[in-house]
Undergrad: 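This is the structure I have questions about; it appears just below.
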There are 2 protein chains.
Amino acid sequence: MLSTQQQNFRTARADSRLVPQISVDTELLAGYSQTAGAQFTYRAEEEIYGEAEPAEFVYKVVSGAVRSYKLLADGRRQIGAFHLPGDLFGLEASDTHQLTAEAVVETKVVLLKRRSLEVLAAQDVQVAYKLWTAAAENLRCAEQRMLLLGRKTALERVASFLVEMDDRCGAKGMIDLPMSRRDVADYLGLTLETVSRAISQMRSTGMLRLANARHVELNRGKLLNAMDA
Amino acid sequence: MLSTQQQNFRTARADSRLVPQISVDTELLAGYSQTAGAQFTYRAEEEIYGEAEPAEFVYKVVSGAVRSYKLLADGRRQIGAFHLPGDLFGLEASDTHQLTAEAVVETKVVLLKRRSLEVLAAQDVQVAYKLWTAAAENLRCAEQRMLLLGRKTALERVASFLVEMDDRCGAKGMIDLPMSRRDVADYLGLTLETVSRAISQMRSTGMLRLANARHVELNRGKLLNAMDA
DNA sequence: CGACGGATTGATCGTGCTCAAATCATGTGG
DNA sequence: CCACATGATTTGAGCACGATCAATCCGTCG
C-alpha cells in the first residue's frame, strides 16, 4: 500500500514561521516521560481520532504524517493542518477534539494523557506557559492560512504550500510529499485538478522540477516571487 | 461621520462556540486592575496597532468594534477577526503583532501592558492556564473559519457570518452591523458585491429582513438550513 | 502482462469577480 | 424645508478563474 518514498518522509523539522505545530517538547516531554510514553503506529489512512470525540490524548509525530480536517455535511473537506515529525497535535483546551485526525502514511506517534498534562500545567507554570505559546503559535499559522484561503490565487496557494513544506522538511529545495494531490487540494481550498495544473505550470516556467509526482525540487527564488506575502 | 446606529453597537456578549475572542476576563482582569487600567477611545477607522509592531499592550473592547487583518502586497485584505465588546485582542505569544487592528467605529478599549501580563502568568498558574484556553479558543474559531474560507459557497459564508454575529450580540435575531459590506467581504473572502447579492437573495427568500443596510432581522431557522455545519 | 489508483491534461461550465450604473441614506448649505 | 453632494449599497452585464466532467497517462503491484 505504501510507496517507499512515502515511508521515507521523516526529515528533521527546520525552524520556520510557517510550522503549524510547535516544539514545546522540552518541558512537555519532561512531564510526558513521567506519565505515559506509549508509542503507537497507525497504518496509512487510519483514523487517529474523530471530530467531537473526547480528547483523551495528546500526540507527537515521530515519523510519517497526519492530516487534521473538518467535513461539511455533503463531504466537502478542509484540512486544517498537516502534522509532520516533531509536531504535537490533538492539544485542545476543550474536552473534545475539534477536527478529525488521520494518518496520511504509516505513522508513528507517542501518546500523552491529556489529563496528566493538565495536572502538570496546574502545578508547573513553565508547562502552562508552554501550552500557551504552543496554542498561540498554531493560531498564528491559522491566521496566515486564512489569508491564503480567503485571498490568494490558486498559483499563490500552491507556491505558498510548497515553500511551507520545504521550510518544514530537511533538505532545502527537495521535498518528498507524503500526501496526495487531493490532500493538498483540501488543504488549500482547491480541487486536485487545479493543484495539478498549478504544479505543471510551475514546472513549465522553471519554478520547480518533479522527479516524480511526490518528489519536488524547488527553485525557491522564482517560487517566492509568484507567492506574494 | 458616524451614524447613530453604528455608535449604538454595544450589546452584551452571548455565550457561543463561534466567539473568536474569549472571556478570560475574570482572572486576567484581576491581575489587570493591579497593573494598568487605562481606558482609551479610538475614532472610527483609526489604527490601534500595525502588523509587525512590537506587541506592547493587550486590549479589551468596552464598546464599539475592531477589525484585525492582514494585507498582501497588492492590497488584498483578509480580516482575521472582528472584536466586539467583551473581547480581548492583541494577545500574542510573540513579541510583535501578527495583524493590524483598526477601530471599525468609535471604540473604547481598556489597555493592559503585555509585559505585566507575562509576569503575572509566570507567577500564577491560573493566569497562565487562562492564557492557554484563550489562545486555544481563538484557534478553534480560526479552524472553523478555515472551513468557511476554503470550502463554503458565498451564500453559506454570509449565512454563517450573520448567525455568528447574531450569537455574539444581545437581542437574538436582531443585528446591528457596525461594519461595512466591504469589511464583511474581506472577512469572508468575497467581494462586497457578492455579499450584497447574497443578502438580497436571503431577503427575497425570507431568511432575513433589512430595516436598513446595517440592521438585520434574522429568521434563524431558514438561515441555518442554508448554512451547513 | 494487465489491473489499479494516482496524476495529468483536455473541454466545458458556473460561481463569484470586475466594471459600471442606479439607488438609497446621510449630512450640508441655501 | 428642500436641493444637492457624498458615500454606501444595490443591481446589472459580461468575464475569468477555478470547478466539473471526462479522457488519457503513468507508476506500482499482483
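Below, chains carry the letters A, B, ... as their sequence lines are ordered, and counting in each starts from 1.
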Undergrad: Identify each atom pair where a protein N or O and an N or O of nucleotides 4-7 of chain D are less than 3.5 Å apart, giving names and distance.
TA:
none

Undergrad: Is R157(B) touching bases, backbone alone, or none of the nucleic acid, heavy atoms closer than 4.0 Å?
TA: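 The residue R157(B) makes no contact with any strand.
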Undergrad: Starting from P on dA7(C), measure out to CE on M179(A) and report it in whole angstrom.
TA: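 M179(A) atom CE is separated from dA7(C) atom P by 11 Å.
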Undergrad: Using the test side chain to side chain donor-acceptor pair (under 3.5 Å), find all partners of Q201(B) that sit at least two apart in sequence or belong to another chain.
TA: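 Q201(B) satisfies side chain to side chain donor-acceptor pair (under 3.5 Å) with no residue once adjacent residues are dropped.
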Undergrad: In whole angstrom, give the distance that lies between atom CD of Q201(A) and atom P of dT8(C).
TA: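 For the pair Q201(A) CD and dT8(C) P, the rounded distance is 13 Å.
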Undergrad: Need one value for L188(A): base, sugar-phosphate or nothing, where a base atom within 4.0 Å counts as base even if backbone is also close, heavy atoms only.
TA: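 Contact class for L188(A): none.
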Undergrad: Could you check whether S196(B) gets within reach of a base, just the sugar-phosphate, or nothing at all, counting any heavy atom under 4.0 Å?
TA: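 Touches a base.
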Undergrad: With a 4.0 Å cut-off on heavy atoms, is L192(A) in touch with a base, just the backbone sugar-phosphate, or nothing at all?
TA: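 Answer is base: heavy atoms of L192(A) come under 4.0 Å of a base.
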Undergrad: If only side-chain N and O atoms of R214(A) are considered, is one of them under 4.0 Å from the OP1 or OP2 phosphate oxygen of dG5(C)?
TA: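 No, outside the criterion.
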Undergrad: Does T194(A) put a side-chain nitrogen or oxygen below 4.0 Å from OP1 or OP2 of dC17(D)?
TA: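 Result: no.
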Undergrad: Of the options dT11(D), dT8(C), dT9(D), whose atoms approach the side-chain atoms of S180(B) most closely?
TA: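 So the nucleotide nearest the side chain must be dT9(D).
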Undergrad: When the distance from CZ of R181(B) to C1' of dC24(C) is rounded to whole Å, what number comes out?
TA: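 Whole-Å distance recorded here is 12 Å.
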Undergrad: Does the distance from a Lys or Arg side-chain N to an Asp or Glu carboxylate O, for D186(B) and K70(B), drop under 4.0 Å?
TA: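 Looking at K70(B) together with D186(B), the answer is no, because their closest N to O distance does not fall below 4.0 Å.
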Undergrad: Quickly, which of Y42(B), F57(B), Y59(B) forms a ring pair (Phe, Tyr, Trp, His ring centres under 6.0 Å) with Y49(B)? Name it, please.
TA: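 By the ring pair (Phe, Tyr, Trp, His ring centres under 6.0 Å) criterion, Y49(B) pairs with just one of Y42(B), F57(B), Y59(B): Y59(B).
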Undergrad: Return the value, rounded to whole Å, for the distance between atom NZ of K152(A) and atom C1' of dG18(D).
TA: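 After rounding, the reported distance stands at 18 Å.
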Undergrad: Provide, to the nearest angstrom, the distance between the CG atom belonging to D183(A) and the P atom belonging to dG6(C).
TA: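 It is 10 Å, rounded to the nearest whole Å.
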Undergrad: Less than 4.0 angstrom from a charged side-chain N to a carboxylate O is my criterion; do R77(A) and D183(A) meet it?
TA: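 Here R77(A) pairs with D183(A) in a salt bridge, since their nearest N and O are under 4.0 Å apart.
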Undergrad: Only pairs at least two apart or in different chains count here, so list each ring pair (Phe, Tyr, Trp, His ring centres under 6.0 Å) that has a residue in residues 133-157 of chain B.
TA: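 Found none.
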Undergrad: Expressed in angstrom and rounded to an integer, what is the separation of L155(A) atom CG from dA19(D) atom P?
TA: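 So the two atoms are 13 Å apart, to the nearest Å.
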Undergrad: Write down the distance between CG (N212(B)) and P (dG27(C)), rounded to a whole number of angstrom.
TA: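 To the nearest whole Å, that distance equals 12 Å.
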Undergrad: Tell me which pairs pass ring pair (Phe, Tyr, Trp, His ring centres under 6.0 Å) where either residue lies in residues 188-214 of chain B, with sequence neighbours left out.
TA: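 Sorted pair list comes back empty.
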Undergrad: Determine, stepwise, if the pair E164(B) / R157(B) fulfils salt bridge (charged side-chain N to carboxylate O under 4.0 Å, His left out).
TA: CA-CA 10 Å; E164(B) 179 197 335; R157(B) 294 182 201 204; over 6 Å; no
Undergrad: Using a 6.0 Å distance limit plus a 45 degree cone around the ring axis, check whether R145(B) lies over the aromatic ring of Y187(B).
TA: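 Ring-cation test returns yes.
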Undergrad: Looking at residues at least two apart in the chain, or sitting in another chain, which of them share a ring-ring contact (aromatic ring centres under 6.0 Å, His included) with Y69(B)?
TA: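 For Y69(B) there are no ring-ring contact (aromatic ring centres under 6.0 Å, His included) partners, ignoring immediate neighbours.
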Undergrad: Rounded off to whole Å, could you give me the CZ-to-P distance for the R203(B) and dC24(C) pair?
TA: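 Answer to the nearest Å: 10 Å.
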Undergrad: Write out a two-atom table: protein N or O, nucleotide N or O from nucleotides 19-21 of chain C, distance below 3.5 Å.
TA:
from	atom 1	to	atom 2	distance (Å)
dC19(C)	N4	E193(B)	OE2	3.0

Undergrad: Inspect the surroundings of CZ in R182(A) and state if more than 12 heavy atoms from other residues, nucleotides or ligands are less than 6.0 Å away.
TA: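 Check fails, neighbour count at 12 or below.
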Undergrad: Looking at every strand, decide which applies to T191(A) at a 4.0 Å heavy-atom threshold: base, sugar-phosphate, or nothing.
TA: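 The answer is base, as T191(A) lies within the cut-off (heavy atoms under 4.0 Å) of a base atom.
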